[in-house]
Amino acid sequence: MCGIFGCFLKNENAAPVIHSSLKRLEYRGYDSVGIATISEGTLFIKKGQGKIDIVHKDLNLDDLPGNFGIGHTRWATHGAPLQINSHPHSDCTDKITVVHNGIIENFNDLKIELQNLGHTFVSKTDTEVIPHLIEEIIKNKPALSLANAVQEATKRLEGSYAIAVISSYEPDKIVCARNESPLVLGISNNGIYCASDIPAFLPLTNKVVMINDGELVILTTDGYQIKKLQDGSTLERAPERVEWSAEMAVKHGYPHFMIKEIHEQSEVLRNTMRLQDRYLDLMSTFLDRATEIFLVACGTSYHACLAASYMFSKLAFLPTYPVYASEFIEQYGKAVNIDSTILAVSQSGETADTIAAVATAQQRAATILSLTNTIGSTLTRISRVYIGTQAGPEIGVAATKTFTSQLSVLAQLALRLAKKRGKVSQSEIDVLDAQLEKLPDLVDTIVKTQEEKVKQIVHKYANSKVIFFLGRGISTATAFEARLKLMEIAYIPSVAFPAGESKHGPISLIEQGTPVVFVCQKDDTHKTVIGNIMEMKARGAKILAIIEEDDNEIKPLVDDYLEVPKNIPSVLSPIPYVVPLQLLAYYMALEFNYDPDMPRNLAKSVTVK
Ligand code: F6R
């Protein structure tokens with residue numbers, strides 16, 4: 001989730017404007033920054049690793065000449081957060097340069113093809129194929145305009161992109177194109193802007209033009225032209241006014257980051273489906289060969305590990321041990337050895353307990369694998385293999401989109417292992433693969449259909465001394481995560497147990513009206529869960545169930561229900577089933593006027609043990 005920006009100004013140098021606009025996009029990532037401008041037909045570039053202020057202090061980003069240019073603030077996905085991988089990326093002749101937000105899925109094939117044609121690559125990014133592709137097209141068809149060359153290049157790209165391209169071949173325009181990554185124009189009396197997001201130019205103008213997937217834009221001193229990427233036909237689109245404050249714009253009009261991030265989950269899940277096969281294959285090969293596997297994490301990431309232990313067992317017939325990172329050294333520290341494999345999961349990649357557990361295991365020669373949302377974090381540096389979970393920066397303290405992205409990657413690993421180990425039939429794998437592909441749309445549907453319902457019922461559960469969360473099988477992990485979300489942002493004491501375990505003690509807390517939330521996916525556990533609902537009802541509990549749409553067995557038994565679409569395989573169920581529960585926690589916090597983005601006593605990255 002990088003930020004791109006470009007501008008064409010009438011009477012000023014572009015670099016200071018690009019610099020300040022990138023600062024307003026820093027919430028999209030700040031691993032590195034770069035700016036390119038054109039002045040008197042010559043291309044100028046400055047870029048560096050680290051936050052914008054640090055790079056600016058070193059390089060003075062503002063003194064680049066020229067009244068137009070492009071810029072980028074990076075959140076690393078392909079290639080570590082190093083100077084060499086920072087955007088803009090250029091072709092072999094340094095005449096074409098590109099900033100990009102998104103993921104080019106087929107970059108490796110394109111890179112090999114271009115290298116065979118003599119192109120030299122300097123970075124490890126997926127983006128660098130774009131300028132080389134444009135260069136190659138122009139080399140073969142010198143009469144082609146820059147815009148047409150960009151249009152032709154995009155036909156070879158698979159994946160998501162919002163790009164802005166400038167070139168000394170045509171030193172009077174910026175060419176942009178979009179597929180699945182955001183792109184918006186801003187129009188003012190002083191100039192014209194293109195950006196990943198409105199906050200970038202909001203202090204300069206509130207007149208915006210939204211760019212859609214499959215569109216190309218040419219910015220010049222005279223204005224903008226929108227064309228269809230497919231056939232080059234021109235589209236007319238007038239600017240509209242947005243009435244957002246700067247703060248609202250960063251949150252995309254949502255009142256809090258947490259709800260924005262809940263809504264972003266469908267897009268994030270789509271990105272997790274674009275992971276490079278070779279990394280998933282490599283990690284699943286390590287897991288397949290392992291003698292024993294510990295899934296190590298804290299908090300929400302631990303719940304992803306708990307869910308993964310069911311996935312690995314059910315799909316790949318592979319036992320794994322989910323362990324709280326803070327307990328790992330005491331519980332297993334002396335037992336790990338060269339035959340042990342640790343799969344550490346951490347959104348930040350910096351959690352002190354997770355790093356300490358991994359460091360101990362590493363000293364004892366264990367193999368370290370990891371999933372993290374932060375490429376370049378400590379965890380990535382000490383792992384043999386790591387995979388980025390593609391969620392983009394998460395700002396709300398309560399993890400939401402990073403959780404579902406972790407689950408998606410873990411499910412993909414489990415499926416690959418299933419295939420490798422030949423434990424599940426190909427037809428079953430095909431069904432699961434297809435369902436995984438559908439999840440982004442299903443999550444979107446859940447948010448759209450259940451948000452209003454959650455708002456309507458939340459007050460009924462607000463004034464409770466304690467709330468129970470129960471699930472069976474893999475839904476135990478969903479119940480644990482739902483409890484953590486509610487507790488951490490709405491400060492309601494909550495209890496989560498595997499539903500079967502509840503009668504071994506916790507049930508003594510149930511009084512008339514005690515809320516019990518059941519996660520009721522439709523699988524082999526369904527009948528037993530109904531039994532558990534009846535046990536709770538018999539003791540006066542008020543039941544809220546998360547059910548499959550039209551689950552007419554459970555509907556009449558419960559006080560309230562929230563629904564998710566039908567036929568979601570049990571092993572994938574935590575991804576959709578947690579969404580209504582994230583919404584429940586969020587709206588519960590609002591009932592009490594708490595700030596869900598900044599819960600008391602908590603930090604986004606816990607770097608103390
Ligand atoms: C809860 C939450 C925390 C984190 C935990 C681990 O909403 O965000 O429980 O999951 O602190 O953090 P990471 O994943 O960064 O290791």
Side-chain angles (χ1 to χ4, degrees), residues 75 256-262 264-265 268 272 294-308 322-328 342-359 361 368-383 386-410 469 477-492 494 496 574 578-579 581-586 588-589 594-609:
W75 185 77
H256 299 100
F257 283 109
M258 182 177 174
I259 191 70
K260 171 178 175 274
E261 286 157 1
I262 291 174
E264 270 169 13
Q265 288 179 111
V268 163
T272 60
F294 298 98
L295 308 175
V296 179
C298 297
T300 291
S301 299
Y302 168 78
H303 299 145
C305 290
L306 186 59
V323 193
Y324 286 112
S326 55
E327 284 302 308
F328 181 80
I342 312 297
L343 174 54
V345 179
S346 169
Q347 171 279 127
S348 61
E350 299 294 349
T351 301
D353 286 318
T354 308
I355 302 296
V358 166
I368 310 297
L369 312 174
S370 67
L371 300 191
T372 178
N373 200 36
T374 316
I375 309 296
S377 59
T378 306
L379 193 55
T380 60
R381 291 198 296 273
I382 55 180
S383 301
Y386 66 84
I387 294 181
T389 47
Q390 313 293 335
E394 188 175 64
I395 295 170
V397 163
T400 51
K401 62 175 182 168
T402 52
F403 178 61
T404 43
S405 69
Q406 289 166 349
L407 289 171
S408 170
V409 179
L410 289 161
F469 290 88
T478 316
F480 278 26
E481 174 57 11
R483 181 234 6 210
L484 180 64
K485 285 289 89 83
L486 186 79
M487 227 165 41
E488 69 180 328
I489 62 168
Y491 315 139
I492 301 179
S494 307
V578 79
V579 176
L581 294 162
Q582 294 169 334
L583 289 167
L584 183 75
Y586 174 77
M588 196 73 95
Y594 297 140
D595 179 353
D597 284 344
M598 287 189 205
R600 67 186 180 212
N601 307 333
L602 294 176
K604 188 70 192 157
S605 180
V606 184
T607 51
V608 287
K609 280 203 263 174

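In listed order, ligands and their atoms are each counted from 1.
Within 4.0 Å of ligand 1, counting heavy atoms only, the contacting residues are C298, G299, T300, S301, S346, Q347, S348, T351, V397, A398, A399, L484, K485, E488, V606.
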For this session: Go through the steps to decide whether E350 and T374 satisfy the test side chain to side chain contact (heavy atoms under 4.5 Å, CB included), and finish with yes or no.
Result: CA-CA 9 Å; E350 299 294 349; T374 316; 5.9 Å; no

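Under the rule for a side-chain contact (heavy atoms from CB on, under 4.5 Å), the partners of S408 that lie at least two apart in sequence or sit in another chain are L269, T272, M273, Q412, I575. Partners of A479 under the side-chain contact (heavy atoms from CB on, under 4.5 Å) rule, at least two apart in sequence or in another chain, are F469, V519. Taking the salt bridge (Lys or Arg N to Asp or Glu O under 4.0 Å) definition, one finds that E264 meets it with K260, K401, sequence neighbours left out.
Listed for the D597 side chain is a donor-acceptor partner under 3.5 Å among the backbone atoms of F257.
If you run side chain to side chain donor-acceptor pair (under 3.5 Å) between Q582 and each of E481, Q265, E261, only Q265 comes through.
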